[in-house]
Every structure is written in structure tokens, then in C-alpha cells.
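Following: one structure in C-alpha cells, then a few remarks.
We name chains A, B, ... by the order of the sequence lines, and we start the count at 1 in each one. All values below come from the heavy atoms of this structure, side chains included, with hydrogens, waters and symmetry mates left out.
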2 protein chains.
Amino acid sequence: MSKATNKAVKIIRKMILEGVFAPGAHLKEEELAKVCGVSRTPVRDALRALAAEDYVRIIPNHGTFVSEWSGQDIADIFLLRSMLEAYGARLAAQKATKEHINTMRKEVERIDKMLSSGKGVDLEIFLAGNKKFHETLREAAGSDRLTKIISRLISQPVVARTAISYTRDDLQRSNEHHAELVEAISAKDGEWAHSVMTSHILAAFQVYKRHYNPDQVEISD
Amino acid sequence: MSKATNKAVKIIRKMILEGVFAPGAHLKEEELAKVCGVSRTPVRDALRALAAEDYVRIIPNHGTFVSEWSGQDIADIFLLRSMLEAYGARLAAQKATKEHINTMRKEVERIDKMLSSGKGVDLEIFLAGNKKFHETLREAAGSDRLTKIISRLISQPVVARTAISYTRDDLQRSNEHHAELVEAISAKDGEWAHSVMTSHILAAFQVYKRHYNPDQVEISD
DNA sequence: CGTCAGAATATTGTATACAAAATATTAAGT
DNA sequence: ACTTAATATTTTGTATACAATATTCTGACG
């Protein structure tokens, strides 16, 4: 993506994530152009890109609107993700190199060290390690197409917004899953890896549901 | 998509499919604008859309190039598709309404009638019926996101180009799979549907491989 | 003969101006 | 007061002009 377009994408995405534009809001090109300090042309490019990421939806001749997400949508995403990532894990078990495995193992150890240090949890470290772990696993799976599909799913606003409040136990379990995945992949056991990864993502879904529970939604009058 | 953009997308996509632009070819915006009879602005829009469909890839500041596909890529697509469509079939078994099932059954019967008519095979009827059958099944699965992902996979040039030479036996088997899928879904048996759909897509992959075999590729000097 | 530098050209990226379409506003009629 | 039609305004869509970048060509030099 080119300079001005890229700038616009970043600014607009951030604003949506921060709630500056509410779900359903109508994004006007000229206004965005002013905010981003570029002309309408790259703004339009940016909106097309954000539509591809499902941040907005474009209705021809009517405009661009911030996407709205139902609980069903979110469940959909997690279930699809669990399937796709599990498939990736199976492939990784067949194809991972020693380097891939070492990288993953290192990330597991780094997080483990953080958790058992006695100090408070450092989410920064966890998130970075988690990201690296999954990226490496996808790379090991060796399917660019799969990687792209998954990336699109998890780059979506709902998931991106999910700066979930992980409890210490959640982090612990997550990292245990990671450790087990390394074991399964080392053993070249695709079914095992598949199964652990499924649990891993569904557990994340559970954490999400616990936090963003429909029961907790308040309706103001 | 708006008028001029839509026109450009259709023209350019067709030209790529027809081989007017070879894989790897550099598509120049001005030239396309002239061919399509619109300005560069909607052409650029069109190229972004075609990139999303994987017909082309865009390299910033360098241009747009017709996508190239390896055998590995194609295998990747079929395998992913088999997984995703199988997942859809499982969902459909859980959620399909009587109307969905009736529509699917009707398409099966229409193709069956064509095949057993004694006359030669009518590919038009088969392709239309096949399309309708799968669309209905995806609708029955009730996941817009899944539908979108699958659509993107199968709208890709490699698959689109696959006007495969189905033999009569291939068509017969394909329709038997369809019939079995209707049975499985009627019985609300998700595992059965999943399994039949997997076979169905992998069989299609086999037909593809039989036709577009690397062995047959000639290299001119 | 090759290679490197620099100018010339071609191509993409961005801004602006204009056209088409949709939305909002006003005014008239019931 | 409520519709409805006409008009004004806003917003998106397209074309063109200009700027930035990349590519190609040319010629000097080793």
C-alpha cells in the first residue's frame, strides 16, 4: 500500500477501534480526508482496504459504514478460526522444521518464565510471545493461503478489540496448550496437534464470552 | 461496486481468464483505461477488487501483475476447500430447513434426469445445477463468513478456468455424492455429511489433476 | 566489452475539479 | 398537521492534471 493510503488506513482503523466512530456510523470521505491530511483519493483506497478487513462495509452510491457485529458473528469467527488453525496445526505437525520447533519452544519458555517469576503478569510479553508462537506455527504449516485467511479473520475489529482480561489461570492454560502443541508437532502427530489447537481456540472463545457477556450489556433509556 | 468500476472489473477479469494477459504480465493502468473506455480512477478500483479475488497482485509503486499459480497453490486451494465445504455440510446437517432440502433434492433430480435421458451429457445443465446445489447448501449452513471465504477460494482464476473435461462417470459420481449429501442432511447426520462432502471435493481435485497434469506440460524453446 | 551515472521516459500515486446520485429541505396542497 | 413534489444541498463517483517514483535509455569511463 502506498504512503498516503497507508496513513489513512492506520488512522481510520485506529479511530474505529477506539470507538470514535460507532458501529453503523456513516463515514464521510471528505471528513476523513481532512482528519488524515490527505485527499479523498487515498481515503477511498483506504476504505476499500478496510472493507476487505471487514472493518467497514461499502454500499455503492450510499457510502461507507462501520461494521456492526452480532454475537452470532463472533461465534462464527471463533468456530471458523478453531477449524482453520487446527488444520494449520495438523499441517505443521507434518512439515515443521527443527528451526520452527525451536522458535516455538523458546516462546513457550519465555512466557513460562514470566508466569513463574512470582511478579505480576506482564501482558506485553504474553501477547508478543503468543503472536510469535502462532505466526511461527502458521509458517511451519506452509500454506500462504491458509495464513492469509486466518489473518483476515483475526484482524477483524471484534477480535482486535478483544484486549481480553485474561486471568492468570487463563494465561497458564494457554501456555500449557502451546507446550503441548510443541510436543505434538515434535512427535509429528497431526491428530494430536489438531485436537490441542481446537481446544486452544475454543478456550479463548470461552474467555471472550465470559468477558463480553450479553447479560452484562446495559440498555440506557 | 459502481458502474464504471464494475465494467472495468468484468472486462479485465475476462481478459485474464481468456489469456489475453499471461500470468506474470504487468497490467498498465492507462492501457486498461483505454480498453475499458473509462478513466484510470475506476480502473484502479477494479484492480484492487481483482487483487482481493487473487486474480492479480499489486506491488506498491511498481504496478499490478497477473497472478501466477503453482501446482502447490492449486492443491492448497482444493484441500482448503474440502475442509471448509465439509464444515459447511456439517452445519447444514444441523440447520437446514425443509425448503433447503427440497431445493437440493430438486437439483439432484434434474441432473439425474439429464444423465439418464440417453442423450449426450448437457454440461450447461450440470454446471447450473451443481452451482445451485452448493449455494443452497452453503445458505443452509447459515454462516455468511464461511460462504464468503469459500466464494473467494472458488472464484479464483485457476478454479474458474477449470472448465474441466468431466467424463460421464465423473458427472454420475458427482451427482451420487449430491444425493448422498441430501440423505445425510435430511437425517441430520453431520459427520456423514462432512465425510461425503470431503470425498466430493477431493474427487473433483482428482479430476482436475487428471486433466491438468504436470506431465502434459510442454516446454517450448 | 561491460558497468556505472545521469538524463529521459514511462508508470504509479495524489490532488483537484466536475458529474451523477442520494439525501435533506422547503413549500404547496389537502 | 401530514403528505407529496420540487428544489437545494450533500455525498459519492469519475475524469483529468500534476507530483513522485520507478524504469529505460544513453553515453562516458574503466
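If you check every strand for non-hydrogen atoms under 4.0 Å, B:Leu27 touches sugar and phosphate atoms only. When heavy atoms are screened at a 4.0 angstrom cut-off, A:Thr5 is found touching the sugar-phosphate backbone but no base atom.
Taking only side-chain atoms of A:Lys28, from C-beta outward, the nucleotide of D:dT14, C:dT12, D:dT11 with the closest atom is D:dT11. Listed nucleotides: D:dT14, D:dT12, C:dG13. Nearest to the side chain of B:Arg44: C:dG13.
At a cut-off of 3.5 Å, with distance as the only test, a side-chain donor of A:Thr167 or A:Asp170 sits close to an acceptor on the other residue. Counting only N and O atoms by type, the side chains of B:His26 and B:His62 include no donor and acceptor under 3.5 Å apart. Judged by distance alone, the side chains of A:His100 and A:Thr103 never bring a donor and an acceptor atom under 3.5 Å apart. A donor-acceptor contact under 3.5 angstrom links the side chains of B:Asp73 and B:Ser70, judged on distance only.
Following rounding to the nearest Å, B:Arg48 (CZ) and C:dT14 (P) show an atom-to-atom distance of 9 Å.
For the atom pair A:Leu202 CG and A:Tyr208 OH, the distance stands at 15.0 Å (nearest 0.5 Å).
Nearer to the 5' terminus of DNA chain C, by closest-nucleotide assignment, is the contact made by B:Glu29 (compared with the other of B:Glu29 and B:Thr41).
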Table of protein N/O atoms under 3.5 Å from nucleotides 18-24 of chain C N/O atoms:
{"unit_1": "C:dT23", "atom_1": "OP1", "unit_2": "A:His62", "atom_2": "ND1", "d": "2.7"}

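Side-chain nitrogen and oxygen atoms of B:Ser2 include at least one within less than 4.0 Å of the OP1 or OP2 phosphate oxygen of D:dT14.
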